[in-house]
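The structure appears right after this line, and notes come after that.
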Amino acid sequence: MTNNSFDQAAPPVIFIMGPTAVGKTDLALAIAQRFDCGIISVDSAMVYRGMDIGTAKPDAATLSAFPHRLIDICDPVDAYSAGRFRSDALTAIREIIDSGRLPLLVGGTMLYFRALQNGLARLPSADPETRSRINEQANQIGWAALHRRLQSIDPVAAGRIQPEDSQRIQRALEVFELTGEPMSELWQRSDPAQFPYRFVKIVLWPSDRKQLHRRIAARFERMLQQGFVDEVQELKRDTRLRADLPAMRAVGYRQIWDYLDGKYDVVQAQERGIVATRQLAKRQLTALRREEDIRSFQVGDIVPTDNVVSCLRKELAALPRE
């Protein structure tokens with residue numbers, strides 16, 4: 001047990017948030033070392049086993065020294081939802097607090113952060129037949145056309161979803177087909193679930209968007225050098241896995257999958273993967289601008305670890321203790 005004797009009625013939880021490739025993992029490791037934290041991953045792709053290189057998952061040595069919860073917890077053929085994340089994360093947070101440590105959540109899946117803080121609307125479960133029909137329509141007319149259809153059905157949801165975000169377009173259309181109501185209206189009628197902890201939200205912002213783009217391109221190049229193509233080839237050997245499953249929609253994986261299917265060459269796959277990652281970062285930054293009660297830090301060539309640590313010491317010192 002440690003001496004983190006915070007008020008157990010509302011103990012603190014640390015969030016490390018930011019766009020992809022900004023340096024969240026390195027910062028989380030430094031904080032975990034200084035504050036004796038238990039780390040929880042907030043990443044919709046790192047939950048899958050066998051998806052290591054393309055997700056920039058911490059390597060085995062790092063995970064041995066700093067175990068991360070909610071990494072490698074399901075197979076790529078399985079679905080993992082925001083609702084399941086919320087349940088798993090709340091369980092992990094409670095276990096870490098009970099062990100006398102500080103929970104530290106790090107990642108870039110903003111939907112998961114929102115679900116954890118605000119709860120989820122009572123939406124229908126996924127329906128394979130409906131999803132298959134929507135995917136077939138997408139194959140015929142494209143996701144951009146389906147996004148335009150969503151605009152006529154649910155303009156509020158369409159305004160929050162990018163035309164290339166196939167997974168969220170599919171879900172919004174699926175909910176409408178199953179319920180006859182726009183998903184945004186169902187969200188408005190939902191009862192928000194109270195997050196039972198105090199949070200300290202640290203957000204890393206790129207000081208220069210072009211520099212973030214360079215980091216994204218350099219990281220994708222490293223992934224290819226580390227064997228990203230071989231990783232996806234190994235995943236494709238599982239005959240149950242398809243390109244339209246959520247796991248294979250993760251940025252980079254779909255582009256390498258299409259390369260292996262002969263749709264374009266490896267240079268084109270790299271270019272498309274980098275573009276998709278930039279689009280992901282743009283969506284993450286948009287979502288982060290809607291976050292409240294954040295502590296913002298600019299990231300240039302290096303992550304300002306000492307400044308973040310100093311901020312956390314002050315924030316945690318100001319919280320009530322037993």
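Predicted model, so just to flag it, every value in this text is computed and none were measured.
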Hey, does the side chain of Gln211 reach the backbone of Pro206 with a donor-acceptor pair shorter than 3.5 angstrom? no
Please confirm whether the backbone N or O of Ala60 pairs with a side-chain atom of Ser64, one donor and one acceptor, at under 3.5 Å? no
Shortest non-hydrogen separation from Met248 to Trp257 and the atoms involved: SD-CE3, 3.5 Å
Heavy atoms from other residues, nucleotides or ligands near CZ of Arg160 exceed 12 (cutoff 6.0 Å): no
Heavy-atom side-chain contact between Pro76 and Leu235 under 4.5 Å: yes
same_hphob_cluster(Met183, Val156) at 4.5 Å side-chain heavy-atom cutoff: no
Mind running salt bridge (charged side-chain N to carboxylate O under 4.0 Å, His left out) on Arg254 and Asp258 for me, showing each step along the way? CA-CA 6 Å; Arg254 183 60 180 267; Asp258 286 346; 3.6 Å; yes
Before you tell me yes or no, could you show the steps for Thr305 and Arg34 under side-chain contact (heavy atoms from CB on, under 4.5 Å), namely the whole-Å CA-CA distance, both residues' side-chain angles and the distance that decides it to 0.1 Å? CA-CA 11 Å; Thr305 302; Arg34 287 168 170 81; 4.1 Å; yes
Under 3.5 Å, is there a donor-acceptor pair between the side chain of His147 and the main chain of Glu164? no
Surrounding CG of Asp265 (heavy atoms of other residues, nucleotides or ligands, distance under 6.0 Å), is the total greater than 12? yes
Evaluation steps, side-chain contact (heavy atoms from CB on, under 4.5 Å), between Lys263 and Arg272: CA-CA 12 Å; Lys263 292 185 179 180; Arg272 289 170 180 259; over 6 Å; no
In terms of heavy-atom contacts, Tyr48 and Asp75 come closest through CD2-O, 3.3 Å
Flag, side chain of Ser132 to backbone of Pro128, donor-acceptor distance under 3.5 Å: no
As a quick check of understanding, evaluate side-chain contact (heavy atoms from CB on, under 4.5 Å) for Leu116 and Phe199, giving each step before the final call. CA-CA 11 Å; Leu116 183 60; Phe199 48 73; over 6 Å; no
Short N-O contact, Asp261 and Lys236, less than 4.0 angstrom: yes
Separation between CG (Leu29) and CZ (Phe66), nearest 0.5 Å, reads 5.5 Å
Would a single hydrophobic cluster contain both Ile302 and Ile216, if residues Ile, Leu, Val, Met, Phe, Trp and Tyr are joined by side-chain heavy-atom contacts under 4.5 Å? no
Side chain to side chain contact (heavy atoms under 4.5 Å, CB included) with Lys57: of Asp52, Asp43, Thr62, only one passes, and it is Asp52
Quick one: CD on Glu174 to CZ on Arg131, what's the gap to the nearest 0.5 Å? 4.0 Å
Residue pair Gln279, Asp165: steps toward the side chain to side chain donor-acceptor pair (under 3.5 Å) verdict: CA-CA 9 Å; Gln279 292 169 341; Asp165 193 343; over 6 Å; no
Evaluate the side chain to side chain donor-acceptor pair (under 3.5 Å) criterion for residues Tyr264 and Gln255: first the C-alpha distance (whole Å), next the side-chain angles of each, then the deciding distance (0.1 Å), finally the verdict. CA-CA 9 Å; Tyr264 33 75; Gln255 290 75 29; 5.5 Å; no
Quick one: does Pro124's side chain get under 4.5 Å of Val175's, heavy atoms only? yes
Side-chain contact test, heavy atoms from C-beta onward, threshold under 4.5 Å: evaluate it for Val299 versus Ser207 and give yes or no. no
Taking Leu288 as the starting point, is it possible to reach Val13 by hopping between hydrophobic residues whose side chains are less than 4.5 Å apart? yes
For residues 15-26, run the donor-acceptor check on the side chains, cut-off 3.5 Å, and write out each pair with its distance to 0.1 Å, sequence neighbours left out.
unit_1	atom_1	unit_2	atom_2	d
Thr20	OG1	Arg219	NH2	2.5
Lys24	NZ	Gly18	O	3.2
Lys24	NZ	Pro19	O	2.8

Working note: Glu291 + Gln117, criterion side-chain contact (heavy atoms from CB on, under 4.5 Å); need CA distance, chi angles, decisive distance, verdict. CA-CA 11 Å; Glu291 285 289 328; Gln117 296 176 76; 3.5 Å; yes
Work out which heavy atom in Ser184 is nearest to a heavy atom in Asp154; give both atom names and the distance. OG-OD1, 2.6 Å
Expected output: side-chain Ser87 to main-chain Arg84 donor-acceptor under 3.5 Å: no
For the CD atom on Gln225, are there more than 12 heavy atoms of other groups (residues, nucleotides or ligands in this structure) within a distance under 6.0 Å? yes
My understanding is that only residues two or more places apart in sequence, or in another chain, count here; which of them pass side chain to side chain donor-acceptor pair (under 3.5 Å) with Gln140? Glu136
Taking C-beta and beyond as the side chain, do Arg313 and Phe35 meet within less than 4.5 Å on heavy atoms? yes
For the hydrophobic clusters of this structure (ILVMFWY residues joined by side-chain heavy atoms under 4.5 Å, transitively), does one cluster hold both Tyr253 and Val266? yes
Salt bridge Asp98-Arg94, side-chain N to carboxylate O under 4.0 Å: yes
Out of curiosity, Met223 CE to Gln270 CD, how far, rounded to the nearest 0.5 Å? 11.5 Å
Kindly assign one of parallel, tilted or perpendicular to the pair Tyr197 and Phe195, based on the angle between their ring planes and the thresholds 30° and 60°. perpendicular
Distance from Lys201 atom NZ to Ile14 atom CD1, nearest 0.5 Å? 14.0 Å
Heavy atoms only: give me the nearest Tyr112-Val42 pair and the separation to one decimal. CB-CG1, 3.6 Å
If you round to the nearest 0.5 Å, how far is CD1 of Ile40 from CD1 of Ile71? 11.5 Å
Does any N or O in the side chain of Arg49 come within less than 3.5 Å of the main-chain N or O of Asp72, such that one atom is a donor and the other an acceptor? yes
Are side-chain heavy atoms of Leu150 and Phe176 found at a separation under 4.5 Å? no
Strictly below 4.0 Å, N to O, side chains only: are Asp208 and Lys210 in salt-bridge contact? no
Heavy-atom closest contact (Leu63 atom, Pro58 atom, distance): CD1-O, 3.4 Å
Could you check whether any side-chain heavy atom of Asp127 comes within less than 4.5 Å of a side-chain heavy atom of Glu177, counting everything from C-beta outward? no
In terms of side-chain geometry, is the basic nitrogen of Glu315 or Arg198 positioned less than 4.0 Å from the acidic oxygen of its partner? no
Measuring only between side-chain heavy atoms, which start at C-beta, is Arg290 closer than 4.5 Å to Met110? no
So do the side chains of Ile96 and Leu102 get within less than 4.5 Å of each other, counting heavy atoms only? no
Using atom types as modelled and distance alone, determine if a side-chain donor or acceptor of Glu231 lies under 3.5 Å from a backbone N or O of Gly227. no
Treat each ILVMFWY residue as a node, draw an edge where side-chain heavy atoms are under 4.5 Å apart, and state whether Met46 and Val106 are in one component. no
For Ser41 versus Phe85, what's the shortest heavy-atom pair and its separation? O-CE1, 3.6 Å
Calculate, to the nearest 0.5 Å, the distance between atoms CZ and CG belonging to Arg242 and Asn135 respectively. 8.0 Å
